[in-house]
Amino acid sequence: MNYTNLGKDTPILDGLEKVTGRARFVPDLKVEGMLYGKVLRSPYPHARLLKIDTSKAERVSGVKGIITGNNVSQHRFGTMVPDWVILPRDKVRFHGDEIAAVAANSEEAAAEAASLIKVEYEELPAVYDPELAMAEDAPQLYEDKENNIAVTFNVHTGNVDDALAKADLVFEETYETNQVYQAHMEPMGALVVPGDYERLIMWLSTQVPSMSRLRYAEALEMCSEDLRIIKPHVGGGFGAKFEYKSHILAAVLTRKTGLPVRMVNCREEDFRAGNPRVPMKIWVKLGLKKDGTLLAKDTKIIAGNGARTVYAPAITSTACYRIDSLYKFQNVRSTGYTVYTNTIPTSCFRGFGNAQMHFAMESALDTICHQNNLDPIEIRKLNGVTPGFTSIHGWEINSCALKECLEKATQESDWYEKKKEADQKGPVKKGIGVAICNHVSGNRPFYKPFDGSSSLVRLTPEGKAIVFTGEADIGQGMNTTFALIAAEAVGLNVKDVRTAAVDTDISPFGLGSFATRGTTIGGRAVYEAAINLKKQLIEHVARVYEKQAEEIKINNGKIYFAGNEEPLPVAEAMQQISYTLGGTSLVGHGVFVPNTVLPDENKYGNVSPAYPFACHIAEVEVDTETGKIRLLNYWAVHDVGRVLNKQTLEGQIEGGVMMGAGWVLGEDMVLKDGALVNPNFHDYCLPTAMDIPRGKIYSYFMESDDPNGPFGAKGIGEPSLNPVPAAIANAVFDAVGVRITDLPITPEKILAGLDI
Amino acid sequence: MTNSSKKRGLLTISFKLNQEDYTMEINSDERLLDLIRNRLGLIGTKESCGGGECGACTIIMNGLAVNSCIIPAARADGAEIITIEGLSKGMEDELHPLQKSFLEKGAVQCGYCTPGMLLSAKAFLDQNSGREVSREDIKEAISGNICRCTGYQKIVEAIYSYALERKGNN
């Protein structure tokens, strides 16, 4: 298939404003009379609120409004579990929990007032470790949550005990994945402006504009239609920028003062009360035949929810069962507990639990291969799902180039040659490791009412197309992808297409950027809208120019007729068409509702219209004297269905690989008595340019042409990270024989491992 | 400090920013970042960590890339400053070749670190105008600028390809 716009390196369409510094993010937005919001946060991990005295704070010059649990509604609401209140009246549950919020006419006045709010606390016993929190005598965070368990997930399909009893090999291990921070460069923030008709206009740094609107309406006890959400440029999200407490506080302050309020986290707040990755303890038991055929998987997971529920239960369930559809399992059992602790509420972070489980599963397979002299590439080919396969949970694998990914990665990395290399001299050892992954492109159970998307594509009298979608570009280039899809489907040049910023007054509803769903589900809706537009355009061209519709073709911004007639620019035709229609634009409307189902009681049911796959191979160097690990080369081969934009795909992979490498090689949120001891970039070490592979991150794409994705395309965002921790851990083991089962892999752990 | 007078905790400073002369009254505890963003309205200089650890607020001051979030505005007295708005002026000017290279090579994703990254790269290349630079040199030069989206590879390539092109033109 020859495409005009697809498969190339297309620079992002909003790059110009970004390289010139003109792109505006929430912290750059200002309106006349705007107040600055500041949150007072708890200095205790668990404490009863006895008294809150705001009298001194109110006297600070410039203060316009203060809210506390005593003057806001106490109704409960929430994302998955109704355990949120706007501000608590009874107690605080984590170090960083919101107690009060101030709006003042300067940041200084707001900060000063917040510091003058006098709170009397009664400290309560606290618990930080999810496993300890499940104990009978552990401090309780919520009266109605026994053993601090927010949600329990169970699945058992087949007969795991039988299969394990019959297995030639049984392997059992415990893995731990730590809490890490998304570290989006733009901190979370909102600007709320009072609108006409008593509405609120909320400018949010968010990846879920439409869902935020629903949730905030619930919190503010307003009709969601009375909230207008606008999403300007967003400086990264990576899962952090879902529904957020401070956005609601800014809205309450706006209602109270009648004035615009901007509330932006400082970096320390963003660390202390962002929604970091769900930490997990994962027990895995696997049963295999001698040849490596996987017979059974038994899993138990204890996951940290933090002090209130954001999306951790869905993340835990994902960790429990998504990987079951990467391999051809016949018997699986998983139990996952999402447990409250007096720590930062946890939530989505690229990979959504699947990343945590991939570290466990892909590390386990590596150890099994090593102990039983099996080939780590072949065992994955043997067990990996194939096109047309229906997994144990009813997931319909349409397109799947997993085997091709394994083959390409093996070949490009020179895997077998490198594995053959004899004992290395000197203190620095090289190693190579492999891991594969699956993921979804849309996740039916995430938002219970539906999955799907809709879009409008408007063709203006000037011949320019504007894509309207509620799906969110958060810096990953979604808007460029949508424009490419629309351009290709209509037959325009992408230069004449742009995607409008999400504004819920104008854009259709869009669930947002998560579950690697943007390209496949949002993009498919854009495709349908563009096809609908093209049909209208052809009909109107036929009418105005007195031609047969069947003989009209549109390509690269030109309209072609039968014979040798000179092609007509779309812009020229559109002008004529609009003259005959009162100056109108043509608007294509498209809907995509994936053929997915809510899983039944035993979690059976196809949840995603498409499943992306990948194989990663990491090559590292480990210094046995210092324990230091260095990335040498990295090969990432992804089944993306179809390459829409090579450059942004590579960008996602390189970013995902380094984000994964940062996690596995050192990032760690360190808590002491419930307080984060490293809430800054000096003590919380993110990868810098010095940490990228000494050689290169090589990206390759397999085009499996998915029947549901637009032009066959599947997602990339999360699969780019899923296999990284295990690929690196396996490479480290290959280099020095040290198996680290708890993240991060620090030099100290390597040195301790070498001593044994 | 040249040409400064002290009255009621305020200082008067003069500096050149993006080739224009400014004389401003500042508070003695004012951060240079706040002066640039809040008082001059130049929002291209971003705040991300507020502690000099991420480089989002990088500007070029007297030829050096510095974090404007940890520099008192008073230090700008007599200084020559370039912010991202000075790299290519207005909407009609041609882009600086580094900006073009970032765009073409896919070195930009969310764009929040981009202004700081560009200015660190520019300062580094200006300081090494007569000399060949390696990818390793570039990695070191931008190691104070955190990018969470790109994994740095395309940023390094964008800077490196401009460095080669520039060398070719010399």
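Note on naming: letters A, B, ... go to the chains in the order of the sequence lines (proteins, then strands), and numbering restarts at 1 for each one.
Annotation: maximal heavy-atom pairing with chain A below 4.5 Å, among B/G51, B/G151, B/C110, occurs at B/C110. Note on A/G655, A/P693, A/A661: by heavy-atom pairs under 4.5 Å with chain B, the leading option is A/G655. Across B/G106, B/S48, B/G41, the residue that shares the most heavy-atom pairs under 4.5 angstrom with chain A is B/S48. Residue with the most contacts toward chain A among B/C54, B/G44, B/S143: B/S143 (heavy-atom pairs, distance under 4.5 Å). Chain B forms the most heavy-atom pairs under 4.5 Å with one residue out of A/Q647, A/H184, A/Q182, and that residue is A/Q647. Options A/M659, A/R694, A/Q476 differ in how many heavy-atom pairs under 4.5 Å they form with chain B, and the most are formed by A/M659. Your options are B/C149, B/P115, B/G55, B/G52, and the one with the most heavy-atom pairs under 4.5 Å with chain A is B/C149. For the options A/G15, A/A183, A/G477, A/P187, heavy-atom pairs under 4.5 Å to chain B are most numerous at A/A183. Between chain B and the residues A/E654, A/K30, A/R267, A/R24, the most heavy-atom pairs under 4.5 angstrom are made by A/E654. By number of non-hydrogen pairs under 4.5 angstrom with chain B, the leading residue of A/K18, A/E17, A/M658 is A/K18.
For B/N145, no part sits under 4.5 Å from any heavy atom of chain A, backbone or side chain. Heavy-atom distances place both the backbone and the side chain of B/I146 under 4.5 Å from chain A. Within the 4.5 angstrom heavy-atom criterion, no atom of B/M117 approaches chain A. Contact annotation for B/S88: only side-chain heavy atoms (C-beta onward) come within less than 4.5 Å of a heavy atom of chain A. For B/V156, the part lying under 4.5 angstrom from a heavy atom of chain A is the side chain only. Only the backbone of A/I474 comes within contact range of chain B, with heavy atoms under 4.5 Å apart. Contact of A/A23 with chain B is made through the backbone alone, with heavy-atom distances under 4.5 Å. In this structure, chain B has a heavy atom under 4.5 Å from the side chain of A/F238, while its backbone stays farther away. Both the backbone and the side chain of A/K696 come within contact range of chain B, each with at least one heavy atom under 4.5 Å from a heavy atom of that chain. Looking at B/E104, the atoms closer than 4.5 Å to chain A (heavy atoms on both sides) all sit in the backbone: N, CA, C or O. Only the backbone of A/V234 comes within contact range of chain B, with at least one heavy atom under 4.5 Å from a heavy atom of that chain. Contact of A/H233 with chain B is not made at all, since no heavy-atom distance falls under 4.5 Å. Of the two parts of A/D9, neither the backbone nor the side chain holds a non-hydrogen atom closer than 4.5 Å to a non-hydrogen atom of chain B. Contact annotation for B/K154: both backbone and side-chain heavy atoms come within less than 4.5 Å of a heavy atom of chain A. For A/E268, no part lies near chain B; criterion is any non-hydrogen pair under 4.5 Å. With a threshold of 4.5 angstrom between heavy atoms, B/K100 does not approach chain A through any atom at all. Residue B/L42 does not touch chain A at all, counting heavy-atom pairs closer than 4.5 Å.
If you check the side chains of A/R350 and A/Q652, you find a donor sitting under 3.5 Å from an acceptor. At a cut-off of 3.5 Å, with distance as the only test, no side-chain donor of A/K241 or A/T206 sits close to an acceptor on the other residue. There is no side-chain donor-acceptor pair under 3.5 Å between B/S134 and B/E136. A/Y181 and A/D270 form a side-chain donor-acceptor contact under 3.5 Å, judged by distance and modelled atom types alone.
Within the model, atoms CG of B/D77 and CG of B/L11 stand 8.5 Å from one another, a figure rounded to the nearest 0.5 Å.
Counting heavy atoms from C-beta on, the side chains of B/R166 and B/S129 come closer than 4.5 Å. No side-chain heavy atom of A/Y634 sits under 4.5 Å from any side-chain heavy atom of A/Y698. For the pair A/I653/A/H638, a side-chain contact is recorded, criterion being any heavy-atom separation below 4.5 Å from C-beta on. With contacts defined as side-chain heavy-atom distances shorter than 4.5 Å, the pair B/R37/B/K46 qualifies. Under the 4.5 Å side-chain criterion, counting only non-hydrogen atoms from C-beta, B/M24 is not in contact with B/T12.
With respect to B/K139 and B/E157, no salt bridge is recorded, no charged nitrogen being found less than 4.0 Å from a carboxylate O. Between B/R131 and B/D137 there is a salt bridge, since at least one side-chain N of the basic residue sits less than 4.0 Å from a carboxylate O of the acidic one. Ion pair A/K646/A/E650 flagged as a salt bridge, since at least one NZ, NE, NH1 or NH2 atom sits closer than 4.0 Å to an Asp/Glu carboxylate oxygen. Contact check on B/R39 versus B/E30 returns a salt bridge, with a Lys/Arg side-chain nitrogen under 4.0 Å from an Asp/Glu carboxylate oxygen.
Screening A/E112, A/E269, A/E107 for a side chain to side chain contact (heavy atoms under 4.5 Å, CB included) with A/K38, the sole residue that qualifies is A/E269.
Scanning both residues, A/E32 and A/P260, for their nearest heavy atoms gives O-CG, 4.0 Å.
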